[in-house]
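All chains are named by letter (A, B, ...) in the order of the sequence lines, taking the proteins before the strands, and each is independently numbered beginning at 1.
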Number of protein chains: 2
Amino acid sequence: MPSRSIEDYIKTVYELQGKNQRVFTKDIARSMGVKMPSVSGMVKHLAAEGYLSHKPYKGVLLTKRGQRIAVDLLRRHRLIELFLNKTLDIPWDEIHEDAEVLEHVISNKLIERIFNFLGRPKFDPHGHTIPGKDGNMPLSRGIPLDQVNEGETGCVVEVSDHDPEFLRYLTGLKLKIGSEVLVKEHAPFGGPIMLKLERQSLAIGLDAARRIRVDIKKKVGKRSN
Amino acid sequence: MPSRSIEDYIKTVYELQGKNQRVFTKDIARSMGVKMPSVSGMVKHLAAEGYLSHKPYKGVLLTKRGQRIAVDLLRRHRLIELFLNKTLDIPWDEIHEDAEVLEHVISNKLIERIFNFLGRPKFDPHGHTIPGKDGNMPLSRGIPLDQVNEGETGCVVEVSDHDPEFLRYLTGLKLKIGSEVLVKEHAPFGGPIMLKLERQSLAIGLDAARRIRVDIKKKVGKRSN
DNA sequence: TCTTAAAGTTTGTCGAACCTAACTATTGAA
DNA sequence: TTCAATAGTTAGGTTCGACAAACTTTAAGA
Ligand SMILES: [Mn+2]
Ligand SMILES: [Mn+2]
Ligand SMILES: [Mn+2]
Ligand SMILES: [Mn+2]
């Protein structure tokens, strides 16, 4: 029932609010590529419809109702991405854009068919958890690579999917979901992180490292705090 | 570039105009479920954009430009139907509705991937010819079942896909694309057509018969004119 | 020829979703 | 405490695609 535009506002707020941070007009506008008055207007409407609560000049927060919409959309988005990747063999850097459109128009029946066809999967091609039909919000797994201590080894579990360039960069490095990376050194002053990946050494910028999440392999022995 | 609404008007005109019959406001309105003034307004716009020519009070006719849009859309529609049917195993009576939406939003890149994935197919699940990328308009194959003479045998090559009920009816009869049917008798006064299909006798109404197209098997011997 | 029903068009309105310009609130330096 | 810079809102306007009401054309029958 909500329009495509409404769905996209809700999804944007969901992504921006993280674990219940208030979200501001300016950030919604920037993230969606619209001007602030458009956001003000739509926010008023979304609040009236009960999708979010709005304290003027103090930002918005999704209601349960709004979160439900967002999580459903995320489920669709991620199932579509996985379907395009697995079935049509479309590389992981090209699926997001198509999914961004299809998430709004694919019928529920079709989504559930896709879900079953894919074997009731848990994760999309970028490692993101696929929410269940129940509307429970999925947690991000792992921790950002830039927060891993020197000497620790992690298994890549999630990467950011909004920037195709970034995904192609990872592909070039042969870094994928499941790769094991050993953090050798944090260069100081916002410098790069030195990694060992499949016997290869490489340096990764902080911006990139923040978009990669890993599960730490508990190493027996030395563990800095 | 044309909006979804514009694409649907053009497609509707294409379907109504057959082999260059002028198409009238009232028929477009009925077929699209909008009121006549909406059609008048849109037709003026479509004429201005060069998609069709309009003689006020005398109907419209697609230009080459308009036909091109229509045929492209048909290609998408039919490839999507076949994809849903083949890949996700969705029955032929449930695919049209989803395709009706998806035809407007699936990217060209995705369509061509689907085309190749399906092995560059020629026909959709209802037997309709899938147009090529070149924009040539596909012909209907065969002749309507109600025009087959008594005693002749035909192979079902196309069935109408707009009405799911009708398709379920055919499924119930075990009549599918490729079925062989022998016309035994035309009952008079608009009565049913008596068929033999796989050793079974059955009677089919005229309305249904008109929506089924068959290729006649040239029978050696008796051939009424 | 005249009349009228049906088809077609024009005009004015509406809701969505966007915009620009102008105004207001918040906040953190000076 | 004052005051800009920044953020947010309001007011007013545009475009798109639909609508109802009112008007016009066409074509058929009396
Ligand atoms: Mn994505
Ligand atoms: Mn979206
Ligand atoms: Mn169809
Ligand atoms: Mn359509």
Side-chain angles (χ1 to χ4, degrees), chain A residues 1-18 21-62 65-66 69-70 73 100-101 103-105, chain B residues 1-18 21-62 65-66 69-70 73 100-101 103-105:
Chain A
M1 211 70 218
S3 67
R4 165 168 186 180
S5 180
I6 286 176
E7 287 183 340
D8 272 334
Y9 275 94
I10 292 172
K11 197 172 84 159
T12 298
V13 173
Y14 181 87
E15 278 159 6
L16 291 175
Q17 83 176 21
Q21 305 276 286
R22 296 196 81 83
V23 176
F24 299 96
T25 307
K26 188 191 49 148
D27 301 305
I28 301 172
R30 189 170 39 75
S31 168
M32 295 194 56
V34 299
K35 297 301 163 65
M36 287 180 56
S38 307
V39 177
S40 270
M42 183 56 91
V43 153
K44 203 186 305 181
H45 183 222
L46 295 176
E49 296 286 311
Y51 293 121
L52 48 75
S53 67
H54 179 216
K55 290 222 180 112
Y57 296 97
K58 302 290 178 172
V60 301
L61 215 45
L62 289 181
R65 178 128 178 274
I69 302 279
L73 213 49
E100 203 58 44
V101 179
E103 65 187 4
H104 303 285
V105 299
Chain B
M1 208 69 215
S3 69
R4 168 171 182 178
S5 180
I6 286 175
E7 287 184 339
D8 272 335
Y9 275 95
I10 292 173
K11 197 172 81 157
T12 298
V13 172
Y14 181 86
E15 278 160 6
L16 291 175
Q17 84 176 21
Q21 306 276 284
R22 297 196 80 83
V23 176
F24 298 96
T25 306
K26 188 192 48 152
D27 300 305
I28 300 173
R30 190 170 38 76
S31 168
M32 294 194 56
V34 299
K35 296 302 163 65
M36 287 181 57
S38 307
V39 177
S40 270
M42 184 56 91
V43 153
K44 202 187 305 182
H45 182 224
L46 295 176
E49 296 285 311
Y51 294 121
L52 48 76
S53 67
H54 179 215
K55 290 221 181 111
Y57 298 97
K58 301 291 176 170
V60 301
L61 216 45
L62 289 181
R65 179 128 178 274
I69 303 279
L73 213 49
E100 203 58 42
V101 179
E103 64 187 4
H104 303 286
V105 299

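Counting heavy atoms from C-beta on, the side chains of B:Val39 and B:Lys26 never come closer than 4.5 Å. Contact of the A:Ile10 side chain with the A:Leu73 side chain is not registered, since no non-hydrogen atoms from C-beta on lie closer than 4.5 Å.
Looking only at distances, no side-chain donor or acceptor of B:Arg65 sits under 3.5 Å from a matching main-chain atom of B:Leu52.
Overall bending of the helix from C:dT1-D:dA30 to C:dA30-D:dT1, expressed as the angle between end axes built from five pairs apiece, is 30° (10° steps).
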Applying side chain to side chain contact (heavy atoms under 4.5 Å, CB included) to B:Ile6 and B:His45, what does each step give before you reach the verdict? CA-CA 9 Å; B:Ile6 286 175; B:His45 182 224; 3.6 Å; yes

Give the intermediate values and the outcome of side chain to side chain contact (heavy atoms under 4.5 Å, CB included) for residues A:Val23 and A:Ile28. CA-CA 7 Å; A:Val23 176; A:Ile28 301 172; 3.6 Å; yes

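Once you apply a 4.0 Å limit to the heavy atoms of chain B, the touched nucleotides of DNA chain C run 5' to 3' over C:dA7 to C:dT10. Contacts between chain A and DNA chain D, taken as any atom within less than 4.0 angstrom of a protein heavy atom, begin and end at D:dA7 to D:dT10.
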Would you be so kind as to tabulate the donor-acceptor pairs closer than 3.5 Å made by side chains of residues 53-62 of chain A, with sequence neighbours excluded?
none

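In this structure, A:Tyr57 and A:Ser3 both approach DNA chain C, and ranking their closest nucleotides by distance from the 5' end singles out A:Ser3.
Counting only residues at least two apart or on different chains, the side-chain hydrogen bond (donor to acceptor under 3.5 Å, both in side chains) pairs with a member in residues 30-41 of chain B are B:Asp27-B:Arg30. Residue pairs that meet the side-chain hydrogen bond (donor to acceptor under 3.5 Å, both in side chains) test with at least one member in residues 7-17 of chain A, sequence neighbours left out, are A:Arg4-A:Asp8, A:Glu7-A:His104, A:Asp8-A:His104, A:Lys11-A:Glu100, A:Lys11-A:Glu103.
If you check every strand for non-hydrogen atoms under 4.0 Å, B:Ser5 touches sugar and phosphate atoms only.
Near DNA chain D, defined here as any heavy-atom distance below 4.0 Å, the residues from residues 25-38 of chain A are A:Thr25, A:Lys26, A:Met36, A:Pro37, listed numerically. DNA chain C lies under 4.0 Å from at least one heavy atom of each of the following residues of residues 48-56 of chain B: B:His54, B:Pro56.
Annotation: the span from B:Met32 atom CE to B:Met42 atom CE amounts to 7.5 Å, rounded to 0.5 Å. Considering CG of A:Leu16 and CZ of A:Arg22, their distance stands at 13.5 Å, rounded to 0.5 Å.
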